[in-house]
Each structure stands twice: as C-alpha cells, then as structure tokens.
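None of the values given here were measured: they were computed from a predicted structure. Residues: numbered from 1 along the sequence shown.
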Amino acid sequence: MNQYIQSFNNQLLIALNQKEMTLGLADGKMGICIYFYVLSRYEQDKEYKIIGDNILDDIFQKIDNISSIDIKTGLSGIGLGINYLIKNKYVEGNVNNIIKSIDDTVYKTISDQCNLKLMDSTSLIHAIHYLCTRLKEKKLTKENEFIFKEITISTLNYMYERLDLTSYEESLPYTTDYFLPQLFYVFSEIYDINFYNYRLIKIIEEISNKILSIIPILHCNKLLLLWGMNSLQRRINNNKFEKHITLIKNQIDINEILDNELKAKNIFFNNGYASIYPLLYLVKDKIAKSEMDIYKNCIYTKLSSPDILEFHINKSKDHNSNRFFYSGLCGTILMSYFIKKTI
C-alpha cells in the first residue's frame with residue numbers, strides 16, 4: 001500500500017500550493033494537516049511532521065479570513081483539529097491561548113439570534129459539539145466556562161424549538177451526516193458535563209414518542225443510529241431506550257452493509273467503508289468478538305485494496321474532493337492504518 005500512499009502524498013503536496021484550497025477540517029488544509037501529523041507517527045517519518053507543521057503555520061496565517069463556524073468548513077472544525085493536535089502531543093502550546101480567537105468568534109456568532117436563524121440544524125449541532133468539547137477539556141477560565149455553558153444552553157433550546165418531522169428522517173443514500181444519531185451523541189456530551197441534565201432529560205422525554213418509533217431502512221443507518229442511541233443510553237439508562245436499541249441491534253445485518261449497501265469503491269468516511277469500522281468499534285459491546293474480527297478484516301481489505309486505491313488516486317488528479325479528510329483518501333488511509341494496528 002505504501003507506493004500508492006506515496007503517490008497520493010505527492011499529489012497532496014502539489015494541491016496544497018493551489019490558492020483555491022480551503023482551510024476546513026473536512027475538505028481543506030486542517031484535515032490534511034492532521035493526516036500528515038498522524039501519518040508521521042504511523043510511519044515514524046519526521047518529514048511528514050515537518051509538512052504538518054508547515055500546513056499548520058499556513059492555517060494560522062489565513063484563519064482570519066474565515067467567518068463560518070461549522071465543523072466541516074469553518075472555525076469549529078479548525079479549533080477541534082488544533083485541540084486534537086495539542087491533546088495528542090503532535091504540537092505544544094496552551095490550547096486556550098492558541099484558539100482564543102476561534103472561541104470568541106464561535107461565541108459571538110451563536111450569541112446573535114440573527115445568525116442562529118441562518119444556521120441549519122446540523123450547523124447548530126456542530127456548534128454545540130464544539131462548545132461541549134471545550135467544556136469537557138476543563139481548561140477554560142471560570143469566566144469562559146460560565147459563558148460557554150450559557151451559550152450551550154441557549155443554542156440547545158433554540159435547536160430543540162426548531163426540530164420537526166424532517167429532523168428525524170434518515171439520510172438516503174447513506175451518509176454520516178444523518179442528523180438524528182448526531183443529536184443523540186451531542187445529548188450524551190451535554191449529559192457528561194452535568195450542568196443542564198434536568199432540562200436535557202425533559203427534552204429527551206418530550207421527543208421519545210417520535211424517536212422510539214424510528215427504525216431506518218438502510219442497515220448502514222441502523223448502525224449509525226445504534227451508535228448515537230447507545231452513546232446516550234450509557235449515560236441516561238432509560239428502559240425504553242434500551243428496548244429500542246435492542247430492537248435496532250437485532251435488525252442490523254452487517255453482512256448486508258459490507259456486501260450490498262456499500263459499493264466496492266465507496267471507501268471514504270462520509271459515505272463508505274471508512275466510517276463502518278469506527279461505528280462497529282463504538283458499539284462493540286453489542287457484537288460478538290468473533291464476528292467483529294471478521295468484519296474488521298473485511299473492511300481493512302476494502303480500504304487497502306490496490307485496485308480501489310489506484311482508482312481513487314488517479315481520479316483525485318481531476319477531483320479535488322477525493323483528496324480530503326472527510327470525503328477523500330486522507331481519512332480512508334488513516335483508518336486503514338488504525339485497523340491494521342488492531343489486526
């Protein structure tokens with residue numbers, strides 16, 4: 001696989017010099033930056049770390065040009081990426097000082113009701129996830145901690161008021177952007193921080209009749225929903241949730257996902273095999289180890305297939321999106337390394 005990765009990396013280095021390359025986590029330089037940092041450890045190659053350092057410097061120089069706060073393309077994603085690099089000791093520094101301007105922009109943006117009205121539900125989920133991540137790090141000043149909690153509360157309540165029947169619909173075809181599992185996961189993050197749990201439980205009770213009647217059509221979406229619900233159930237220990245989780249779990253056919261629902265060339269994280277293993281891993285308490293090992297090997301074979309890698313590398317010469325973290329080879333390659341370590 002290394003020869004294909006080297007070919008792909010050469011393409012990335014050329015693409016990084018193009019002016020149209022954005023800075024975002026999902027489809028820009030932040031995701032590619034993380035890719036090279038992580039690859040430097042997997043391959044024990046200092047050159048990759050130097051590339052990561054250079055990309056990060058470039059991001060800092062241009063970050064003032066970004067106004068959006070969503071995770072995929074905006075400041076929240078860059079902030080989470082920097083937080084990840086510091087937390088995992090790829091770079092050194094005080095995270096509060098380094099991403100202070102991002103914190104300020106996120107806070108000011110979602111404090112303004114006019115801005116909130118322009119944000120869709122997914123963007124609101126992204127904002128809450130960013131705030132929760134910062135709060136869970138427990139490195140904020142007391143003043144900022146209070147501010148972040150208050151803005152988390154107001155954003156959660158605003159998002160809840162906007163929920164309608166379309167919010168619960170599954171994504172067709174499969175994509176990890178499916179809103180409902182993300183909602184459950186963000187609920188679990190808020191519950192972990194333990195500052196608004198009484199109201200959160202009330203919200204969950206109020207929407208239970210709707211959400212506990214939902215069983216997605218696609219097995220991919222069933223797995224994604226199982227992950228989201230299981231994340232929350234571990235915190236709230238709700239009997240009705242547990243019954244619905246069991247119902248979904250018993251209806252999931254992983255072989256149907258691997259053999260039929262995902263096409264052979266769907267290896268990216270946003271809609272393919274690269275997302276299936278982490279979902280399986282996060283609900284591994286629901287899956288027999290012998291079955292998990294079979295699924296793991298199958299997914300690794302898909303992600304590391306020379307023919308499929310060569311196809312996407314050649315295609316990425318003309319399709320920039322194939323290069324990125326969320327919808328491209330960066331995320332896929334890192335996931336294949338991660339799985340290989342556990343085989």
Side-chain angles (χ1 to χ4, degrees), residues 24-27 31 70-73 77 120-126 163-186 210-211 213-231 244 247-283 287 295-296 298-305 307-309 311-316 318-336 339:
L25 176 63
D27 60 356
D70 67 287
I71 286 179
K72 284 187 178 180
T73 63
D120 60 21
S121 296
T122 300
S123 296
L124 293 171
I125 282 282
H126 289 179
L163 291 179
D164 56 27
L165 291 176
T166 62
S167 303
Y168 307 109
E169 293 176 354
E170 71 175 295
S171 303
L172 297 172
Y174 166 69
T175 167
T176 51
D177 289 334
Y178 183 11
F179 175 77
L180 189 55
Q182 295 184 53
L183 180 67
F184 287 138
Y185 182 72
V186 163
K210 295 176 183 176
I211 60 180
S213 65
I214 294 173
I215 297 180
I217 298 170
L218 292 180
H219 292 278
C220 290
N221 286 333
K222 288 173 185 167
L223 178 60
L224 194 55
L225 185 58
L226 178 65
W227 158 73
M229 291 194 72
N230 201 46
S231 300
H244 198 65
L247 182 63
I248 293 173
K249 179 252 180 186
N250 289 339
Q251 292 194 26
I252 295 175
D253 186 340
I254 306 300
N255 290 316
E256 179 67 16
I257 295 174
L258 300 179
D259 296 337
N260 296 315
E261 284 192 355
L262 297 180
K263 305 303 180 185
K265 292 175 182 176
N266 282 32
I267 61 172
F268 300 149
F269 190 88
N270 64 322
N271 63 357
Y273 289 100
S275 63
I276 299 302
Y277 178 73
L279 289 173
L280 290 172
Y281 182 82
L282 290 168
V283 297
I287 302 171
Y295 302 147
K296 181 196 306 182
C298 177
I299 294 169
Y300 178 74
T301 299
K302 300 279 189 182
L303 298 183
S304 59
S305 164
D307 290 341
I308 296 175
L309 283 173
F311 169 82
H312 283 297
I313 289 169
N314 289 335
K315 192 173 180 180
S316 69
D318 302 313
H319 296 78
N320 290 341
S321 61
N322 278 27
R323 301 169 183 155
F324 298 130
F325 197 87
Y326 182 64
S327 59
L329 285 169
C330 285
T332 299
I333 290 170
L334 291 188
M335 184 53 62
S336 68
I339 297 174

Contact between [X] and [Y] at the side-chain level, heavy atoms closer than 4.5 Å - yes or no?
X	Y	value
Met335	Pro278	yes
Lys296	Leu280	no
Ile257	Tyr174	no
Thr176	Asn271	no
Phe325	Asp27	no

List the residues meeting ring-ring contact (aromatic ring centres under 6.0 Å, His included) with [X], not counting sequence neighbours, and say none if there are none.
X	value
Tyr185	Trp227
Phe184	Phe241
Phe268	His312

Test side-chain contact (heavy atoms from CB on, under 4.5 Å) applied to [X] - qualifying residues, sequence neighbours left out:
X	result
Lys302	Tyr273, Cys298
Glu256	His219, Asp253, Asn260, Glu261
Thr175	Ser171, Asp177, Tyr326
Pro173	none

Which distance, rounded to the nearest 0.5 Å, do you find between the [atom1] of [X] and the [atom2] of [Y]?
X	Y	atom1	atom2	result
Leu334	Leu303	CG	CG	11.0 Å
Leu309	Ile333	CG	CD1	6.5 Å
Leu225	Ile211	CG	CD1	8.5 Å
Leu223	Ser275	CG	OG	8.0 Å
Leu329	Phe324	CG	CZ	11.5 Å
Asn314	Asn322	CG	CG	10.5 Å

According to salt bridge (Lys or Arg N to Asp or Glu O under 4.0 Å), does anything in residues 265-283 pair up with another residue at least two apart or in another chain? List the pairs.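 Qualifying pairs, neighbours excluded: none.
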With Lys222, which residues qualify under salt bridge (charged side-chain N to carboxylate O under 4.0 Å, His left out), at least two apart?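 Listed in chain order: nothing, the list is empty.
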How far apart are the closest heavy atoms of [X] and [Y], and which atoms are they?
X	Y	answer
Leu25	Ile71	CB-O, 3.6 Å
Met229	His244	SD-CD2, 3.7 Å
Ala264	Ile308	O-CD1, 3.1 Å
Glu170	Asn221	OE1-ND2, 2.6 Å

Trace of the side-chain contact (heavy atoms from CB on, under 4.5 Å) decision for Leu262 with Cys220: CA-CA 9 Å; Leu262 297 180; Cys220 290; 3.9 Å; yes
In chain order, what residues pass the side chain to side chain donor-acceptor pair (under 3.5 Å) check against [X], with sequence neighbours excluded?
X	result
Thr332	none
Gln182	none
Ser327	none

Would you say OH of Tyr168 has more than 12 non-hydrogen atoms from neighbouring residues, nucleotides or ligands within 6.0 angstrom?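 Yes - once you tally the heavy atoms of other residues, nucleotides and ligands closer than 6.0 Å, there are more than 12.
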Any donor-acceptor N or O pair under 3.5 Å, side chains Ser305, Asp307: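 Side chains of Ser305 and Asp307: no pair found under 3.5 Å.
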Chi angles and distances behind the side chain to side chain donor-acceptor pair (under 3.5 Å) call for Thr166, Asp164: CA-CA 5 Å; Thr166 62; Asp164 56 27; 2.4 Å; yes
If you apply the rule side-chain contact (heavy atoms from CB on, under 4.5 Å), what do you find for Leu247 with Gln251, and how did you get there? CA-CA 7 Å; Leu247 182 63; Gln251 292 194 26; 3.7 Å; yes
